[in-house]
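Treat the numbers as computed from the prediction; the structure is a model and nothing was measured. Both counts, for ligands and for their atoms, begin at 1 and track the order of listing. We're numbering straight along the sequence, starting at 1.
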Amino acid sequence: MQTLHFSNKTYSKILHIPSLGLALVLLICLASPTSSCTEQEKGSLLQFLGGLSQDGGLAASWQNGSDCCQWEGITCSTDGIVTDVLLASRSLQGHITPSLGNLTGLLRLNLSNNLLSGGLPQELVSSSSILIVDVSFNRLGGDLHKLSPTHARPLKVLNISSNLFTGQFPSSTWQGMKNLVAFNASNNSFTGQLPTHFCASSPSLAVLELCYNQFRGSIPPELGSCYMLRVLKVGHNNLSGTLPDELFNATLLEYVSFPGNRLEGKLQGSHIVKLSNLGTLHLGENNISGEIPESIGHLKRLEELHLNNNLMYGELPSSLINCTNLISIDFKNNNFSGELAKVNFSNLPNLKSLDLMHNSFSGQIPESIYSCSNLTALRLSSNKFDGQLSEKIGNLKSLSFLSLANNSLTNITRALHILRSSKNLTTLLIGLNFVNETMPDDDSIAGFENLQVFSVERCGLFGQMPRWISKLENLQILMLSDNQLTGSIPAWIKTLSNLFYLDISNNSLTGGVPKALMDMPMLKSDNSEAHLDPRVFELPVYIGPSRQYRVPIAFRNVLDLSNNKFTGEFPLEIGQLKSLLSLNFSFNHLTGQIPQSICNLTNLQLLDLSSNNLTGGIPGALNRLNFLSAFNISNNGLEGPIPSGGQFNTFQNSSFIGNPKLCGSTLTHKCYSDSIPPSPRKKRDMKAIFAIAFGVFFGGIAILLLLVRLLISIQKKGFMAKHRRGSNEDVEATSFYSSSEET
Ligand SMILES: *[C@@H]1O[C@H](CO)[C@@H](O)[C@H](O)[C@H]1NC(C)=O
Ligand SMILES: *[C@@H]1O[C@H](CO)[C@@H](O)[C@H](O)[C@H]1NC(C)=O
Ligand SMILES: *[C@@H]1O[C@H](CO)[C@@H](O)[C@H](O)[C@H]1NC(C)=O
Ligand SMILES: *[C@@H]1O[C@H](CO)[C@@H](O)[C@H](O)[C@H]1NC(C)=O
Ligand SMILES: *[C@@H]1O[C@H](CO)[C@@H](O)[C@H](O)[C@H]1NC(C)=O
Ligand SMILES: *[C@@H]1O[C@H](CO)[C@@H](O)[C@H](O)[C@H]1NC(C)=O
Ligand SMILES: *[C@@H]1O[C@H](CO)[C@@H](O)[C@H](O)[C@H]1NC(C)=O
Ligand SMILES: *[C@@H]1O[C@H](CO)[C@@H](O)[C@H](O)[C@H]1NC(C)=O
Ligand SMILES: *[C@@H]1O[C@H](CO)[C@@H](O)[C@H](O)[C@H]1NC(C)=O
Ligand SMILES: *[C@@H]1O[C@H](CO)[C@@H](O)[C@H](O)[C@H]1NC(C)=O
Ligand SMILES: *[C@@H]1O[C@H](CO)[C@@H](O)[C@H](O)[C@H]1NC(C)=O
Ligand SMILES: *[C@@H]1O[C@H](CO)[C@@H](O)[C@H](O)[C@H]1NC(C)=O
């Protein structure tokens with residue numbers, strides 16, 4: 001009999017002991033075939049099998065005629081009593097029958113990761129033998145009211161996470177669970193208050209996970225009497241109020257995680273020091289205010305400190321450096337200030353991820369950061385750092401994600417010369433710095449071997465699109481918008497064989513749209529799947545195995561040349577860029593007709609050709625572009641009828657205005673065949689269509705912006721919703737660019 005010791009690390013090991021035991025038992029079983037299971041046990045198992053509508057092939061081995069100890073997924077003790085039913089990930093469908101509760105020697109039941117539905121039979125929870133029930137990742141539902149063992153039960157581990165359970169936690173459920181050690185109910189739809197009596201009834205509780213439910217109200221102070229509690233995860237609920245003082249009586253706590261609630265109040269230094277075993281503290285996305293207490297330095301075991309998206313302020317305590325085991329620091333989206341140089345980061349050799357985005361730190365970037373040689377992700381964007389980049393950043397050999405955007409850094413030439421030798425850099429975001437400097441065009445800026453995403457937006461940089469960019473073989477996303485670049489788009493652009501996102505809008509580029517641009521391999525490819533490593537926009541987050549982060553959506557296949565001085569005819573070869581999703585040529589001086597081949601860009605979602613000098617008709621086949629949700633050709637010299645049907649029924653007038661020779665049923669200028677007055681009924685339909693069109697147009701734009709923002713600022717989730725930081729206007733107005741920083 002193993003003793004359960006739930007320290008964070010031994011915990012998982014212990015759960016492997018059963019499988020070791022399993023192997024032993026199997027050996028013994030094979031050696032002594034005489035001990036076979038009883039008919040009654042066989043019957044209970046066959047009843048369970050009968051309750052399945054999809055048995056994942058079990059029936060082949062679960063034959064009435066054979067010894068059930070030999071059946072797949074079944075383990076017996078030496079005397080032929082079924083002890084384990086381990087059927088995780090078998091694609092089982094159907095119900096869990098109560099008959100399993102009749103297996104009087106059953107110790108472990110694992111049905112995790114199947115498609116089981118219906119309820120969880122009370123017989124399992126109130127079994128007088130079962131120690132472990134894992135039914136996580138199924139489609140079980142209902143509430144827990146019927147699960148009410150009346151007297152003490154041996155159950156130690158109950159995992160009902162990632163199911164469809166609803167309702168409140170009835171106190172009766174816990175009364176018999178005197179031996180419960182680990183309870184996981186995350187990712188269901190439980191409501192109501194957190195139960196107060198967990199540890200009154202289950203004094204051994206060491207692991208309590210209730211994330212991703214709809215619990216309301218405050219954190220019950222009674223949790224503080226869970227003296228054995230080591231892991232407490234209640235993130236992503238609707239909890240309010242403060243962290244109760246009593247909670248800090250649970251001094252064995254190693255993992256405390258409440259992100260994504262509405263908690264408020266301050267971190268009390270005198271309380272936090274009591275949790276001297278703390279390795280992880282996740283309090284992000286709440287309304288916590290105040291400063292980080294000096295006493296944080298006493299938490300010597302702290303590895304992850306996430307206080308992001310709160311209302312915290314003040315300087316970082318210099319004692320932070322006494323938390324020498326820190327691996328991940330996330331303080332983004334607060335209002336911390338002061339010179340960061342006061343923290344000597346060289347004391348934090350294990351640091352892998354440092355995220356200070358969106359605060360008010362000032363002064364130079366402290367050199368001590370560059371001695372954290374394990375750092376892979378560093379985000380200092382949207383602060384007030386100034387000065388030039390230090391060459392010591394080259395010490396960060398593992399650095400893969402670097403965002404310095406939206407600060408007041410100077411000397412881009414120096415910055416690029418230094419960073420080019422960071423071999424592992426995949427994402428470099430340095431826009432909104434280097435105001436009005438000149439883009440270095442110096443062939444010695446070779447390097448950046450692994451750069452995939454490069455953003456130097458909004459710097460007002462002079463110069464041309466530099467040739468050294470052509471050597472960035474792995475480049476996938478290039479953002480140079482809002483500079484003052486001149487010259488033409490160089491022909492080498494097509495050598496960037498992985499590039500699928502090019503934004504050079506808002507510059508002063510001239511010349512024609514080169515044929516080379518119509519030859520971009522990734523945009524021509526039929527296969528519009530871009531191979532962007534989804535991690536490039538995401539700071540690697542080290543939060544262990546239970547990370548429940550969503551995969552970012554990459555907005556792909558964008559060509560944005562808007563707001564430049566491009567001249568010449570609209571490129572006929574545009575039809576080659578089959579995988580384009582967004583094409584923006586607006587505000588240039590393009591002439592000629594919109595080529596028919598544009599109708600071959602069947603993936604297009606946005607097409608903006610407004611404010612050019614285009615003439616001729618609108619290709620009628622554009623109405624075949626079924627995904628087109630934003631369309632603008634206003635302010636050109638186009639003529640003839642507006643195509644009808646398809647998405648064209650949804651575009652509003654503003655998509656077409658400023659083309660006096662265009663005609664259409666929704667324009668004041670009707671086409672000849674359209675000029676018959678519509679019947680009253682038709683009129684009403686038109687009104688409806690108009691209303692829908694209006695909605696869809698704005699919806700489309702909104703979705704687009706959303707996607708762009710997602711792309712650029714995946715980590716900022718929840719920030720906009722949480723309007724923190726003094727003036728909301730301020731945030732909204734700069735949202736795009738404060739996210740570009742994120743880029
Ligand atoms: C299994 O076999 C026994 C005896 O041969 C029989 O009594 C029982 O009904 C069978 N059970 C099922 C589910 O077929
Ligand atoms: C469990 O066993 C008892 C007696 O052996 C029987 O009456 C009962 O129906 C069984 N329950 C289930 C769910 O099989
Ligand atoms: C159940 O099985 C799954 C898959 O093998 C495993 O990940 C999980 O840890 C098991 N549950 C318990 C409580 O051991
Ligand atoms: C369910 O939760 C228990 C206790 O936390 C854990 O040991 C087990 O591995 C979990 N199961 C899965 C599939 O993650
Ligand atoms: C628990 O914490 C509260 C508040 O911090 C304190 O007053 C109380 O004495 C503590 N209880 C125990 C048993 O330590
Ligand atoms: C770090 O801890 C040491 C020893 O506990 C202490 O002397 C020192 O003052 C602490 N440093 C800071 C900056 O708090
Ligand atoms: C960097 O990380 C590796 C493993 O991830 C570790 O072995 C090494 O000690 C770390 N380096 C420092 C300076 O802590
Ligand atoms: C650079 O990245 C590669 C691949 O991700 C990795 O194997 C290597 O260890 C990294 N180099 C450093 C110095 O971290
Ligand atoms: C920018 O950096 C370069 C190279 O590091 C240096 O030569 C130059 O003087 C710096 N320019 C300014 C204005 O500091
Ligand atoms: C940068 O250039 C723009 C446009 O030329 C000008 O309006 C702005 O004042 C300049 N900013 C600085 C800081 O020089
Ligand atoms: C369009 O062409 C006319 C005449 O060639 C010219 O006057 C006008 O400025 C042009 N408009 C744009 C937006 O280029
Ligand atoms: C559209 O594509 C088809 C096949 O890919 C091609 O045959 C046709 O010529 C193209 N149409 C235009 C107008 O380019």
- Message: Using side chain to side chain donor-acceptor pair (under 3.5 Å), reason through Ser112 and Ser136 one step at a time and then give a plain yes or no.
- Response: CA-CA 5 Å; Ser112 165; Ser136 57; 3.1 Å; yes
- Query: Considering only heavy atoms, does Gln388 approach ligand 9 within less than 4.0 Å through its side chain, its backbone, both, or neither?
  - Reply: side chain
Which of the numbered atoms in ligand 4 are under 4.0 angstrom from any heavy atom belonging to [X]?
{"X": "Ser136", "answer": "11 (N), 12 (C), 13 (C)"}
{"X": "Ser112", "answer": "13 (C)"}
{"X": "Asn159", "answer": "1 (C), 2 (O), 3 (C), 8 (C), 10 (C), 11 (N), 12 (C)"}

Quick one: does [X]'s side chain have a donor or acceptor within less than 3.5 Å of a partner on [Y]'s backbone?
{"X": "Ser481", "Y": "Asp503", "value": "no"}
{"X": "Asp84", "Y": "Ile74", "value": "no"}
{"X": "Asn483", "Y": "Asn507", "value": "no"}
{"X": "Asp55", "Y": "Leu49", "value": "no"}

- When you look for protein heavy atoms under 4.0 Å from ligand 10, which residues do they belong to? Val435, Asn436, Gln484
- Close-contact set for ligand 9 against Arg414 heavy atoms, below 4.0 Å: 1 (C), 2 (O), 5 (O)
- Message: I'd like to check the side chain to side chain contact (heavy atoms under 4.5 Å, CB included) partners of Gln214; sequence neighbours left out, ordered by chain and number.
- Response: Ser189, Thr191
- Please name all residues satisfying side chain to side chain contact (heavy atoms under 4.5 Å, CB included) with Ser470, sequence neighbours left out, ordered by chain then number. Arg467, Trp492, Thr495
- Message: Between Leu283 and Leu243, does the side chain to side chain contact (heavy atoms under 4.5 Å, CB included) criterion hold? Intermediate values first, please.
- Response: CA-CA 10 Å; Leu283 296 174; Leu243 292 172; 4.1 Å; yes
- Scan for side-chain hydrogen bond (donor to acceptor under 3.5 Å, both in side chains) pairs involving residues 408-423, sequence neighbours excluded, and state none if there are none. Gln388-Asn411, Gln388-Arg414, Glu391-Arg414, His417-Asp442
- Is the closest N or O pair between Asp134 and ligand 4 shorter than 3.5 Å? yes
